[in-house]
Amino acid sequence: MVLRRLLRKRWVLGVVFGLSLIYFLTNTLKQEERTIRDRTLLEARDPDHRIPWKVRFNLGNSSRPITQCRNSIQGKSLLTDELGYVCERKDLLVNGCCNVNALSSRQYICKSCLANGCCNIYEYCVSCCLQPDKQLILEHFLNRAADGFQNLFTAVEDHFELCLAKCRTSSQSVQHENTYRNPQAKYCYGESPPELLPI
């Protein structure tokens with residue numbers, strides 16, 4: 001009863017409103033500071049930023065066993081690990097690597113990929129992109145990339161992450177933002193977009 005009467009007083013409502021306004025303004029200013037700091041970091045970043053290429057030998061030639069692998073995760077039936085192996089989901093080991101002894105496992109497979117670096121299957125695109133000889137193509141792309149792409153790819157740490165990001169369907173793969181330029185080859189690691197097929 002006393003609390004209800006107290007909340008009806010104008011000065012109490014004024015205090016509650018004032019505190020809410022102060023809370024709102026401080027949060028807005030903190031967000032603005034974060035935005036300015038992030039923008040400054042992007043502008044001040046090293047223009048010669050290079051991806052640290054980590055080309056690893058395959059398991060048969062390496063004296064150091066690989067204990068954990070990252071992989072492409074989302075494939076319904078196929079996965080690509082960071083060593084460039086494509087395998088069926090059932091042949092994925094507990095450590096995230098493809099079982100290299102499984103019949104389905106193949107390294108650096110470019111099956112379904114065209115000469116321009118566009119593929120029909122995402123996992124094959126990533127595996128093909130991981131070939132050591134594709135490094136020059138990827139470095140050339142990064143050096144020529146527009147500022148928007150460079151900001152996107154600055155979060156990339158190594159060759160595997162670059163291939164995962166590059167092979168995802170991008171705006172280069174679509175026309176008029178609603179149809180694929182080539183529905184049969186929409187995952188690309190190359191510099192040029194898929195060839196435009198006539199409708």
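Cysteines Cys128 and Cys110 have SG atoms closer than 2.5 angstrom. Taken as a pair, Cys125 and Cys119 fail the criterion of an SG-SG distance shorter than 2.5 angstrom. For a disulfide, the SG atoms of both cysteines must be under 2.5 angstrom apart; this holds for Cys188 and Cys118. Between Cys69 and Cys97, the sulfur-to-sulfur (SG-SG) separation falls under 2.5 Å.
Clustering ILVMFWY residues whenever any of their side-chain heavy atoms sit less than 4.5 angstrom apart, transitively, puts Tyr124 in a cluster other than the one holding Phe160.
Between the His159 side chain and the Pro132 main chain, no donor and acceptor come within less than 3.5 Å of each other. Side-chain atoms of Asp81 come within 3.5 Å of backbone atoms of Cys98 as a donor-acceptor pair (strictly under, hydrogens ignored).
Remark: Ser104 engages Asp91 in a side chain to side chain donor-acceptor pair (under 3.5 Å) (not counting sequence neighbours). Ser127 meets the side-chain contact (heavy atoms from CB on, under 4.5 Å) test with Thr80, Val86, Ile109; sequence neighbours excluded. Legend: residues meeting side-chain contact (heavy atoms from CB on, under 4.5 Å) with Leu93, ordered by chain and number and at least two apart, are Asn95, Asn99. Take Lys90 and apply the salt bridge (charged side-chain N to carboxylate O under 4.0 Å, His left out) test, not counting sequence neighbours, and it matches Glu88.
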Expected list for residues 19-29: side-chain donor-acceptor pairs under 3.5 angstrom, two or more places apart:
| from | atom 1 | to | atom 2 | distance (Å) |
| --- | --- | --- | --- | --- |
| Ser20 | OG | Val16 | O | 2.9 |
| Tyr23 | OH | Asn27 | ND2 | 3.2 |
| Thr26 | OG1 | Ile22 | O | 3.1 |
| Thr26 | OG1 | Tyr23 | O | 2.9 |
| Thr28 | OG1 | Phe24 | O | 2.8 |

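The shortest distance between side-chain heavy atoms of Ser72 and Leu78 does not fall below 4.5 Å. Using a 4.5 Å heavy-atom cutoff, the side chains of Tyr122 and Arg168 are in contact. Considering only heavy atoms from C-beta on, Ile137 stays 4.5 Å or farther from Lys166 through its side chain. Looking at Leu130 and Tyr108, their side chains come closer than 4.5 Å, going by heavy atoms from C-beta outward.
Listed here is the closest heavy atom pair of Glu82 and Gln68: OE2-O, 3.9 Å. Of all heavy-atom pairs spanning Gln74 and Arg89, the tightest one is C-NH2, 4.1 Å. Minimum interatomic distance between Asn71 and Gly96 (heavy atoms only, all atoms of both residues): ND2-O, 3.0 Å. Contact between Ile121 and Tyr187 at its shortest, heavy atoms only, is C-CD1, 3.8 Å.
With values rounded to the nearest 0.5 angstrom, Asn116 atom CG is found 8.0 Å from Tyr189 atom OH.
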